Amino acid sequence: MERLIIIGSGPAGLTAAIYAARARLDPLVLEGSLSNERGETPGGQLMTTTDVENVPGFPEGVQGPDFMELLRKQATRFGARAVQEDASRVDLGRHPFVVEASDGEKREALALIVATGARAKKADPEGHERFWQRGVSACAICDGALPIFRDKPLAIVGGGDSAMDEAGFLSRTASRVFVIHRRDELRASRILQERVLANRKIEVVWSHVVEALEGGEMLERVALRSTRDGSRRKLEVAGLFWAIGHVPNTAFLAGQVRMDESGYIVLEDGHGQRTSVPGVFAAGDVADRRYRQVVTAAGAGCAAALDAERWLAEVEHSRA
Ligand code: NAP
């Protein structure tokens, strides 16, 4: 039986692993399999991110995969064990908990940290794969201030709070920002809408969707189609950022732990990283629809490991 299983190997999961390993909890990390249903690489969203410039301690920036490799090394240096498996099912109705991996192997654990992250939704216009990370990104806060986007016209797709927030962020360094929204009314909260509509650098392109991405080596323009009359137009932009929502990776937890209507794990108010099931903790984007940053995920991973350590001490003391 394991004392602690950490599910997920992004910044939250691996920071939890560093803390838990140094606390001698001997954690096992299910880091995700290469052949998972989501088609994603273990290591989380940073594995498909190039320059990361907002992680403290890297004044020159760091490549996403390099950063994850450093975290992984740091966790294993202190004795965390990692297996390339996905959790496909868990039974939290009994204790020790049961975690079933995608290869069918079942493991028992006294405590769990869920750090499976979320994935950004992207639409799939023509040329998307070709320009992904060559002008196209799903995180304006992460990538928008990179030199390749500075003083250039950029586009952000979406009409929610994220799109408004991120349009404001982009407007600080871009020459112009187009918010492309599929309807003629924004979903975002009034205050964020007002801020965007008052920003002279931002123009909302109402009732349009992105139909194709065009350019040479890098993105140069987007082809748009009107959702009102089907007419078409092109916008010259050096960057396109999706802000059309996220999907938390929690399908394997269905019915086992409290989640909100979008599937994000709900943390117990005033109890750090605790979930509705005592002994099960959550960290990172899987329980955070607000910040979604490397450092906030890592911070939550640290907190989850400290919470798990305390919880294990109580349980193991009462079992002794
Ligand atoms: P969201 O509220 O779900 O908005 C997604 C937007 O993307 C909507 O405007 C939607 O259009 C559009 N969209 C969805 N699929 C699309 C597609 N295939 N093609 C084109 N457009 C598409 O997501 P979010 O903005 O990421 O916000 C998520 C949650 O985080 C919300 O609860 C939000 O309040 C919160 N949040 C808060 C803050 C803040 O308070 N500062 C900042 C960020 C996020 P429709 O409107 O037509 O459906």
Side-chain angles (χ1 to χ4, degrees), residues 1-14 16-17 20 25 27-40 42 44-45 83-121 160 244-292 296-297 300-301 303-305 307-308 310-312 314-315 318-319:
M1 186 178 53
E2 302 289 342
R3 292 175 80 196
L4 172 65
I5 292 182
I6 297 169
I7 309 175
S9 60
L14 289 181
L25 300 183
L28 176 72
V29 182
L30 297 193
E31 51 181 5
S33 75
L34 286 171
S35 56
N36 63 45
E37 290 158 8
R38 304 179 303 279
E40 280 176 1
Q45 297 184 76
V83 290
Q84 280 205 347
E85 284 171 30
D86 259 339
S88 56
R89 251 170 48 85
V90 291
D91 185 352
L92 308 181
R94 45 158 294 188
H95 196 255
F97 307 120
V98 180
V99 179
E100 191 175 330
S102 35
D103 63 358
E105 182 161 351
K106 289 185 183 176
R107 295 182 176 87
E108 289 187 328
L110 290 176
L112 281 185
I113 294 177
V114 180
T116 44
R119 54 195 190 279
K121 285 205 259 171
I244 60 175
H246 282 75
V247 185
N249 298 317
T250 50
F252 71 102
L253 289 169
Q256 301 268 345
V257 67
R258 194 147 71 89
M259 298 184 211
D260 69 13
E261 69 291 347
S262 310
Y264 285 90
I265 296 175
V266 176
L267 299 177
E268 295 294 282
D269 244 358
H271 292 281
Q273 304 304 122
R274 280 192 189 201
T275 69
S276 59
V277 180
V280 178
F281 305 86
D285 292 12
V286 76
D288 170 21
R289 57 159 79 224
R290 190 178 177 92
Y291 299 109
R292 299 192 289 249
T296 52
D307 288 347
R310 277 184 209 125
W311 192 84
L312 276 169
E314 281 167 30
V315 169
S318 64
R319 283 183 155 220

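In this text, all values refer to a predicted model and were calculated from it rather than measured experimentally. Numbers for residues simply follow the sequence, beginning at 1.
Under a 3.5 Å cut-off, the side chain of T275 and the backbone N or O of V280 do form a donor-acceptor pair. When atom types are taken as modelled, the side chain of D307 and the backbone of G272 share no donor-acceptor pair closer than 3.5 angstrom.
For residues 271-284, the set of pairs meeting the salt bridge (Lys or Arg N to Asp or Glu O under 4.0 Å) definition, not counting sequence neighbours, is empty.
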Distance-only criterion, 3.5 Å: show the donor-acceptor pairs between side-chain atoms of residues 96-106 and protein atoms not counting sequence neighbours.
residue : atom : partner : partner atom : Å
E100    : OE1  : R89     : NE           : 3.3
S102    : OG   : D86     : N            : 3.3
S102    : OG   : D86     : O            : 3.4
D103    : OD1  : E105    : N            : 3.0

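Judged as a salt bridge (Lys or Arg N to Asp or Glu O under 4.0 Å), and not counting sequence neighbours, D91 has no contacts. For V83, the side-chain contact (heavy atoms from CB on, under 4.5 Å) test picks out L28, L30, E85, R107, with sequence neighbours left out. The side-chain contact (heavy atoms from CB on, under 4.5 Å) test applied to A308 returns L4, I113, F281, not counting sequence neighbours. Under the rule for a side-chain contact (heavy atoms from CB on, under 4.5 Å), E314 has no partner lying at least two apart in sequence or in another chain.
In this structure the side chain of L253 reaches within 4.5 angstrom of the side chain of V90, judged on heavy atoms. Residues V277 and R258 fail the side-chain proximity criterion, which asks for heavy atoms closer than 4.5 Å.
Between L312 and R3, the closest heavy-atom pair is CD2-O, 3.8 Å.
Atom OH of Y264 sits about 8.0 Å away from atom CG of D288, to the nearest 0.5 Å. Taken from CG in N249 to CD1 in I265, the straight-line distance is 10.0 Å, to the nearest 0.5 Å.
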